[in-house]
There are 2 protein chains.
Amino acid sequence: MVSDEARWLSLQRSPGERLADAAERMIREAIRGGALRPGVRLPSSRRLAAQLGVSRGVITEAYEQLAAQGYLVSRVKAAPVVGDTPRSMLRPAPRREELGRVRFDFTPTTPDVSQFPVRQWAACLAAAARSMPVSEYDYGDPRGTRKLREVLAGHLGRTRGVVADPEQILVVHGTAQGIDLLMRTLVTGGARCVGVEDPSLPSQFERITAHGLAARPMPVDAAGILIDDPDVDAVLVTPAHQFPTGVVLAGERRRTLLNWARRAGGLVLEDDYDAEFRYDRQPVRALQGLDPGHVAYLGTTSKTLAPALRLGWLVLPAEHMPRAQRIRNLLDVCPPSVEQRALAMMIERGDYDRHVRRARKEYRRRREQLIAALADRLPDLRIEGIAAGMHLLMRLPAGLDDATVAARALRRGVRVAPLSRFSHTGNARGGLVLGYGRIPERDLEAAVAALVTAIRR
Amino acid sequence: MVSDEARWLSLQRSPGERLADAAERMIREAIRGGALRPGVRLPSSRRLAAQLGVSRGVITEAYEQLAAQGYLVSRVKAAPVVGDTPRSMLRPAPRREELGRVRFDFTPTTPDVSQFPVRQWAACLAAAARSMPVSEYDYGDPRGTRKLREVLAGHLGRTRGVVADPEQILVVHGTAQGIDLLMRTLVTGGARCVGVEDPSLPSQFERITAHGLAARPMPVDAAGILIDDPDVDAVLVTPAHQFPTGVVLAGERRRTLLNWARRAGGLVLEDDYDAEFRYDRQPVRALQGLDPGHVAYLGTTSKTLAPALRLGWLVLPAEHMPRAQRIRNLLDVCPPSVEQRALAMMIERGDYDRHVRRARKEYRRRREQLIAALADRLPDLRIEGIAAGMHLLMRLPAGLDDATVAARALRRGVRVAPLSRFSHTGNARGGLVLGYGRIPERDLEAAVAALVTAIRR
């Protein structure tokens with residue numbers, strides 16, 4: 001911590017009080033009140049004296065007194081720093097209830113961040129910051145930079161068959177902000193109810209209801225979501241790889257969904273969170289490409305690169321753009337520009353695609369090994385869902401409660417999500433959702449062994 | 001744009017259709033439909049053939065046909081790229097109505113981004129990305145990283161007298177997100193009405209009402225805001241340097257405000273957007289430091305570094321933290337981690353303070369020159385507000401409508417904000433808010449000359 005002025009310090013002298021005593025009291029109060037924290041470096045005595053309009057000796061004396069009392073630590077030829085006080089000895093709160101005990105973490109929805117191409121990203125960031133026109137350090141377009149939107153339009157068309165005009169793309173802080181922004185856009189447009197897959201992520205459900213919209217769970221079977229209530233304004237779906245069941249939306253259901261949108265004037269919200277990772281065959285094209293006027297498309301770098309980047313995109317039908325832009329501006333004005341430029345570079349240089357191809361091989365291997373290890377120990381096992389993404393759904397033998405199994409597993413150091421956690425109606429249950437993003441290949445056998453013990457108990 | 005698989009392309013052959021014709025049709029439709037955009041590189045004929053399960057000759061023929069029709073541009077020993085089609089010839093929309101005509105931009109609230117220490121920031125970003133523990137590339141704490149919150153606690157205490165426990169800090173995407181987050185937190189806590197300074201930024205007003213809260217304008221005089229309605233749940237204020245009048249909240253008013261908060265159980269929302277820039281004397285201490293239990297403190301790097309960073313912070317009383325964290329998670333999960341690490345580095349290395357000191361000198365010089373140039377031409381001129389920040393309020397002679405003057409100035413290439421634009425009641429008017437962030441010293445004389453001509457007309 002380096003010196004700055006603490007310019008807010010002001011000297012108030014009590015009647016008859018010596019100046020050095022008043023200065024000492026002023027600083028002690030700032031430390032005891034918590035404003036000057038342990039480790040913070042005070043201004044030099046010369047500077048503080050000038051600021052307060054007293055002689056330097058006054059401050060030197062105050063500093064010496066405070067050092068003697070333990071409030072300050074004196075240093076040779078340097079300004080003193082605030083010492084450790086009992087207040088600072090408090091330990092920070094433990095970060096998560098049971099983190100210390102987890103040996104194997106099957107949490108789905110998280111990629112293996114150790115695969116993240118750190119060097120390329122660091123290089124892109126630095127190059128982007130240095131080469132950026134200075135005007136782009138100012139407030140920008142709420143949709144994101146023109147450059148990144150153009151690159152994304154090309155990229156999404158090429159890789160996912162999305163029909164994206166750069167004018168209809170919004171760069172967002174990941175799928176979460178994309179959904180939050182969509183919900184606010186829908187609400188201001190008069191929407192009242194949004195259909196949601198059952199099961200699906202509880203956080204998606206919450207992001208819908210947080211804005212006063214009703215969330216209407218709709219069942220998912222082996223062919224994907226069943227639109228059992230046409231009277232909703234929008235439906236949030238994961239057609240390429242349903243989370244958490246892992247099924248793909250069948251051709252006929254895709255048509256049904258788009259027909260519903262056209263007839264009812266509804267909006268399909270396509271969350272394409274992990275479609276880059278399909279292992280057995282070509283991924284199905286994004287729904288958006290089939291009917292860009294009725295689908296809002298959501299994508300993210302959280303699975304392909306890393307969640308901590310907080311970068312994603314939203315492709316919207318033109319009619320929703322004016323409202324969406326206004327709301328994006330209210331949310332947080334615009335996305336950060338250096339990161340946008342870095343992502344555009346990463347895609348243009350081919351680093352993005354190369355990383356996705358590498359990661360695809362890695363996850364595919366893990367998936368196969370995980371399935372083999374499970375089959376080895378549980379011959380009656382049923383795995384559901386397509387060969388894709390970074391999770392699978394494993395059915396439990398009848399009579400086993402998935403939440404009980406998950407709790408038992410956690411006591412053995414295995415974190416795994418029960419299917420029932422993702423059900424909004426209680427209808428989806430009796431399964432474990434196993435993510436392999438946080439378990440490296442070398443640990444898969446041991447992780448499965450520990451999990452199977454918990455299941456068998 | 002580099003090659004990737006366009007794996008979503010699928011070949012559907014009509015009865016009797018040749019394979020090469022079907023492939024040609026498939027690609028042409030993808031181009032005409034807008035998915036494969038101009039400049040996008042197609043897969044090599046070998047790769048696409050393998051993907052579709054046809055012989056390479058089929059794809060070669062389709063590519064040749066499409067090149068002859070102008071859809072593709074062939075390249076020697078490389079896969080073809082999509083050619084420019086009439087669709088792509090459309091010019092992008094002009095970026096702002098009158099940008100081309102603005103010669104001098106007095107827009108307030110924006111700093112001079114050409115001062116931004118690009119090299120240091122680029123170095124911090126790259127170092128942060130490279131040195132970050134891999135676990136921090138995963139989803140993180142919705143409040144931000146522990147490290148940055150600790151650094152901010154020290155920094156804000158030292159520079160602004162803020163009493164901040166790292167547990168009560170939330171890193172946000174600038175003041176905008178901070179206010180949005182605060183409003184959502186207040187609403188879920190049962191709040192219904194928020195007081196707001198009149199005049200103040202229209203966007204702040206909108207960020208309040210966007211969540212269904214009533215915004216109650218309260219007048220600002222030479223001593224700052226007058227709390228004329230104690231029956232509000234919170235009051236959003238800019239005590240160190242009111243925007244746009246430039247006044248500082250007087251000592252007695254500070255006490256009145258805090259007394260209101262204590263008595264009514266209300267929350268003061270302190271927007272400390274530019275307090276680093278005070279030129280004539282020490283800045284007044286942040287209100288938060290006087291009563292951390294009743295003040296939510298908002299800060300930003302948008303004025304000290306650059307708006308495009310989208311980094312700010314919120315210091316909250318402990319009781320609001322659980323709700324605020326939950327809502328932060330709904331908004332966009334957590335802030336990006338590399339940027340947080342970079343900012344912590346920038347503060348710890350002293351680059352942040354050094355830059356602020358440098359920028360302070362620059363803005364001070366501009367302010368003095370601007371006032372001198374105005375006084376020179378308009379001897380009866382009245383400038384209001386303290387010597388601080390990057391804007392001043394200039395009163396117009398009686399009888400002059402500020403919006404009319406601003407419109408006239410714009411026709412002369414001078415962008416300036418009329419005071420009435422910031423008034424929610426229509427009571428504040430008859431002034432021009434002049435920002436000097438976007439006008440370099442060398443242009444100040446000419447800018448003032450052009451402005452004065454518009455005023456005199």
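Letters A, B, ... mirror the listed sequences (proteins, then strands); counts begin at 1.
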Side-chain contact, heavy-atom cut-off 4.5 Å: Gln120(B) with Met346(B)? yes
Partner residues of Arg285(B) under the salt bridge (Lys or Arg N to Asp or Glu O under 4.0 Å) criterion, sequence neighbours left out: none
With sequence neighbours left out, the residues meeting salt bridge (Lys or Arg N to Asp or Glu O under 4.0 Å) with Arg310(A) are none
What part of [X] gets closer than 4.5 Å to chain A, counting heavy atoms only: side chain, backbone, both or neither?
X         : result
Ser114(B) : both
Asp332(B) : both
Glu136(B) : backbone
Ala153(B) : both
Pro292(B) : neither
Asn329(B) : both

Can you check side chain to side chain contact (heavy atoms under 4.5 Å, CB included) on Asp141(B) and Arg149(B), steps first, answer last? CA-CA 11 Å; Asp141(B) 191 314; Arg149(B) 288 183 284 118; 3.5 Å; yes
Taking Cys124(A), Pro336(A), Ala127(A), Ala35(A) one by one, which has the highest count of heavy-atom pairs under 4.5 Å against chain B? Ala35(A)
Against chain B, work out which of Glu206(A), Met132(A), Arg184(A) has the most heavy-atom pairs shorter than 4.5 Å and name it.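 Looking at each option in turn, the highest pair count goes to Arg184(A).
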Indicate whether the side chain of Asp272(A) and that of Gln288(A) have a donor and an acceptor atom separated by less than 3.5 Å.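 Judged by distance alone, the side chains do not pair up.
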